[in-house]
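Only one structure is covered here, and it is reproduced in the block below.
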There are 2 protein chains.
Amino acid sequence: MASSRLVDRMTEILGPEGVISEREQLRAYECDGLMNYRVIPEIVVLPETAEHVQRIVRYCHDEGIPFVARGSGTGLSGGALPVESGVLIVLSRMRRILEVDIPNQRVVVEPGVINIWVSQAVADEGYYYAPDPASQIVSSIGGNLAENSGGVHCLKYGFTTNHVMGAEVVLPDGTMVNIGGGKAPDAPGYELLGAFVGSEGTLGIATKITLRVVRKPASVKTLLAAFKDTEEAGDAVSGIIGSGIVPAAIEMMDSLCIEAVETAVHPGFPQAGAVLIVELDGPEAEVSSQFDQTIEICEKANASEIRIAQDDEERALFWKGRKAAFAAMGRIANDYYVQDAVVPRTELGATLKRISELGSEYGMRVANVFHAGDGNLHPLVLYDNDVPGEAEKAEDLAGEIVMTCLEHGGSLTGEHGIGRDKMKYMPKMFTTEDMDTMQLLRCAFDPHHICNPGKVFPTPRLCGEKPGPFHMHPVQKAGLAENF
Amino acid sequence: MASSRLVDRMTEILGPEGVISEREQLRAYECDGLMNYRVIPEIVVLPETAEHVQRIVRYCHDEGIPFVARGSGTGLSGGALPVESGVLIVLSRMRRILEVDIPNQRVVVEPGVINIWVSQAVADEGYYYAPDPASQIVSSIGGNLAENSGGVHCLKYGFTTNHVMGAEVVLPDGTMVNIGGGKAPDAPGYELLGAFVGSEGTLGIATKITLRVVRKPASVKTLLAAFKDTEEAGDAVSGIIGSGIVPAAIEMMDSLCIEAVETAVHPGFPQAGAVLIVELDGPEAEVSSQFDQTIEICEKANASEIRIAQDDEERALFWKGRKAAFAAMGRIANDYYVQDAVVPRTELGATLKRISELGSEYGMRVANVFHAGDGNLHPLVLYDNDVPGEAEKAEDLAGEIVMTCLEHGGSLTGEHGIGRDKMKYMPKMFTTEDMDTMQLLRCAFDPHHICNPGKVFPTPRLCGEKPGPFHMHPVQKAGLAENF
């Protein structure tokens with residue numbers, strides 16, 4: 001239970017409707033989309049304005065209380081996992097779209113705004129917001145910013161970082177600053193915005209975000225191609241990219257994934273070793289000529305079937321199948337563990353082969369569904385939590401998969417973040433010097449480790465603060481020890 | 001004259017051919033492309049390897065000697081201005097292309113490699129390096145990285161920051177780290193690379209840089225359109241962008257600029273109030289249909305003449321005129337001051353009008369040549385250095401032009417950087433909190449202000465370092481953030 005002083009102070013700032021302190025209610029916030037870790041926070045607060053956020057953070061800073069920001073709680077790496085004895089700042093009441101400026105292609109939003117709302121707000125003007133994580137109908141822009149979210153269309157259009165142009169941020173000491181350019185194309189000084197985007201909530205809390213929206217393409221064409229196996233599908237991917245075509249999306253699903261999706265949402269996918277969904281968009285003339293080329297390349301790679309979406313409805317059906325993939329796993333397994341890693345595109349074939357071998361070695365099924373164009377894998381390790389030891393085995397296998405990706409010149413995460421989940425792998429990818437250098441930034445922004453502590457870096461760098469006006473209170477010290 | 005100890009130590013590291021310490025020879029390095037400021041460094045050193053750089057920097061750090069990195073010295077904001085009694089580290093002997101990896105679209109280079117060499121290295125494979133500053137035949141990749149250089153094709157392809165994928169960096173304490181992802185599309189942890197690119201040499205020295213190269217477009221079409229004045233030309237720009245076309249480049253020149261260019265390189269430009277050069281590139285079908293649309297838009301905006309480049313030779317002639325613009329000013333004025341600022345595209349018309357008024361008020365000629373598509377202005381204030389007071393007047397006028405851009409929601413610099421030149425304007429654009437927040441980064445990386453000091457920020461933030469020898473073990477290094 002939160003100390004009555006903390007509750008009183010938060011209630012003073014937010015009113016009683018902005019404060020949750022009953023244990024039963026707090027339980028709803030004990031984890032995000034990654035359910036392997038659960039921590040009940042001391043208190044949950046629901047600010048409605050940037051000023052609220054600033055007052056909450058300043059109080060936390062002055063009292064040495066750790067805090068964690070949370071958007072919609074859909075993250076898959078435990079980035080919004082609460083800290084025991086800490087404050088969880090839930091931003092879902094800050095969901096106003098503050099400005100739509102079509103001539104400058106900018107939309108200014110509060111952090112709790114849902115991803116898809118941005119596209120909806122500018123749809124009539126012929127624009128949309130490009131980053132489209134599978135969670136886009138529920139995940140928040142603030143959360144997308146924290147995790148630098150991707151999506152199926154990031155191959156052509158880039159990640160969240162390519163679409164966030166500026167942010168008003170409350171720093172861990174309660175200072176409010178503006179970072180990034182906003183409407184001007186470039187700003188002088190250090191480009192802190194790039195470091196802030198994807199910092200997984202450890203450098204501060206964005207309270208206002210300026211997004212870039214882009215024009216809807218004049219034409220979209222989508223095909224689904226079936227192949228004997230992922231290798232042949234991979235050849236088609238290499239062929240398409242190698243020809244200079246930049247598709248809006250190239251997604252691959254393997255047979256296990258197709259099976260699950262068919263059972264769950266019946267998109268009528270062909271029975272095959274692998275399917276690709278390839279979408280091209282842009283000016284009519286370009287799309288049409290490149291689409292023909294894409295079909296040819298798929299044929300050369302021995303596609304057993306190629307279906308072309310005849311209308312928006314059929315296109316939606318293709319995507320329904322793809323976007324349901326994670327959830328559909330429930331139809332063929334009791335539980336699954338989503339891995340997220342990246343390899344250079346040229347290493348896709350070898351990596352997939354090794355993942356399949358690993359599955360055999362472990363005697364576990366691994367379904368693959370992924371952004372093939374940018375080498376962002378999402379292997380789904382299927383297991384049964386009711387069988388003792390299976391969850392641990394699944395996690396081990398998922399860990400070996402990440403290590404395989406690293407060995408192939410890849411990266412620990414494509415778009416889900418490190419969060420709580422993958423801290424332990426960071427030293428496999430970075431030298432101590434590299435990690436220390438990154439943490440220089442954390443120490444500069446948050447020397448007392450109160451802003452989303454226990455995430456991203458396995459070993460917090462000592463920031464060398466002197467004993468002085470700032471004292472951690474005992475509860476916090478305990479909390480920190482536990483979390484690191 | 002450099003202390004004999006410093007000369008000895010540098011000679012020990014680099015050999016005598018890597019050290020310049022004679023005053024007469026040092027004079028060649030007293031300024032970069034911005035000649036308003038001149039400082040003779042204590043010593044110039046010319047490392048050949050990353051290890052050399054590391055040893056030089058470590059020595060400077062241990063001895064508390066300031067240092068400045070310099071590429072080809074073509075910068076226009078004094079970013080490579082030496083520090084008196086400091087070491088100037090000239091990277092022009094580090095100019096090897098270390099790796100060309102076409103399947104992953106990466107080229108790895110040393111910092112002294114000249115911009116155009118990268119394109120040349122991959123041309124046979126059908127690729128090129130997109131950022132193309134006017135200085136591209138002389139400026140170095142390291143310098144481009146420091147200044148986040150742009151160029152005429154940045155509207156469609158982005159700035160240097162969009163094409164640098166990773167860097168090996170020697171930090172101000174001599175630590176060597178890798179930042180950024182390199183070949184994998186994304187790296188976890190803080191994205192320091194974005195902050196490092198454009199940091200104007202204040203956070204460390206890049207010793208190895210991984211660049212992204214892109215495929216040469218299948219088709220390029222270029223036109224030159226003449227208009228009555230910059231306003232009508234501006235209408236054409238708005239029309240093109242508003243229609244959803246993203247040209248590879250849209251450059252505008254006003255009548256004064258056209259006059260100068262004609263006198264200097266005779267490209268045969270029409271006599272007009274303004275000309276636009278519009279270039280489209282991409283797949284054949286797309287370019288062709290959008291090119292027709294572009295012509296139509298120019299006609300609607302009352303273009304008095306539209307010329308279409310019939311072949312590469314004519315295209316090269318258009319660009320010769322554009323790229324010669326700065327140098328050509330010498331034909332119509334003894335001296336000129338290049339300003340560099342950005343306004344949101346929607347404010348172009350109003351800003352140009354005000355610049356013209358300011359010219360009249362000052363009784364000075366201002367020629368305009370600029371990247372119209374992204375609102376990046378380059379007003380050239382013409383003056384005569386032999387007339388007492390004119391240089392100062394030109395600088396004042398240039399200053400008022402920047403302030404006008406800021407008033408129109410713009411930014412202090414589009415691509416030339418702040419350097420020594422524009423520090424004084426930083427407080428006009430940023431609050432103290434914003435600047436202090438940026439300097440948190442500088443303090444974290446360079447608490448003793450030895451790495452390119454006296455640049456970018458008008459007032460260096462006190463980093464709270466303890467008096468004493470410069471020991472940089474991690475705890476103390478980070479501890480410098482303690483006065484945060």
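Hydrogens, waters and symmetry mates are skipped; everything else that's a heavy atom, side chains included, is used.
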Which residues pass the side chain to side chain contact (heavy atoms under 4.5 Å, CB included) test with A/Gln54, sequence neighbours left out?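 By the side chain to side chain contact (heavy atoms under 4.5 Å, CB included) rule, A/Gln54 matches A/Arg58, A/Val170, A/Met176.
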Could you check which of [options] has the highest count of heavy-atom pairs closer than 4.5 Å to chain A?
{"options": "B/Ala218, B/Ser289, B/Gly244", "value": "B/Gly244"}
{"options": "B/Ile245, B/Thr431, B/Leu203, B/Val246", "value": "B/Leu203"}
{"options": "B/Val456, B/Ile418, B/Thr437", "value": "B/Thr437"}

Check each atom of [X] against the heavy atoms of chain B and say whether the ones under 4.5 Å are side chain, backbone, both or neither.
{"X": "A/Ser243", "answer": "backbone"}
{"X": "A/Glu347", "answer": "neither"}
{"X": "A/Gln105", "answer": "side chain"}
{"X": "A/Thr346", "answer": "both"}

Are any non-hydrogen side-chain atoms of [X] and [Y] less than 4.5 angstrom apart?
{"X": "B/Tyr190", "Y": "A/Phe457", "answer": "yes"}
{"X": "A/Leu192", "Y": "B/Leu441", "answer": "yes"}
{"X": "B/Ile179", "Y": "A/Asp434", "answer": "no"}
{"X": "B/Glu191", "Y": "A/Glu191", "answer": "no"}

Euclidean distance, A/Asp173 CG relative to B/Leu440 CG, rounded to 0.5 Å: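 B/Leu440 atom CG to A/Asp173 atom CG measures 8.5 Å (nearest 0.5 Å).
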Which heavy atom of [X] sits nearest to which heavy atom of [Y], and what is that distance?
{"X": "A/Pro344", "Y": "B/Asn104", "value": "CB-OD1, 3.5 Å"}
{"X": "B/Gln290", "Y": "A/Pro283", "value": "NE2-CG, 3.3 Å"}
{"X": "A/Phe430", "Y": "B/Pro188", "value": "CZ-O, 3.6 Å"}

For A/Glu433, run the side-chain contact (heavy atoms from CB on, under 4.5 Å) check against B/Thr175, B/Leu171, B/Asn178 and tell me which one passes.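 Going through B/Thr175, B/Leu171, B/Asn178 one by one, the side-chain contact (heavy atoms from CB on, under 4.5 Å) with A/Glu433 is satisfied by B/Thr175 alone.
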Has the side chain of A/Arg215 got a donor or acceptor atom that lies under 3.5 Å from a matching backbone atom of B/Gly242?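 Present.
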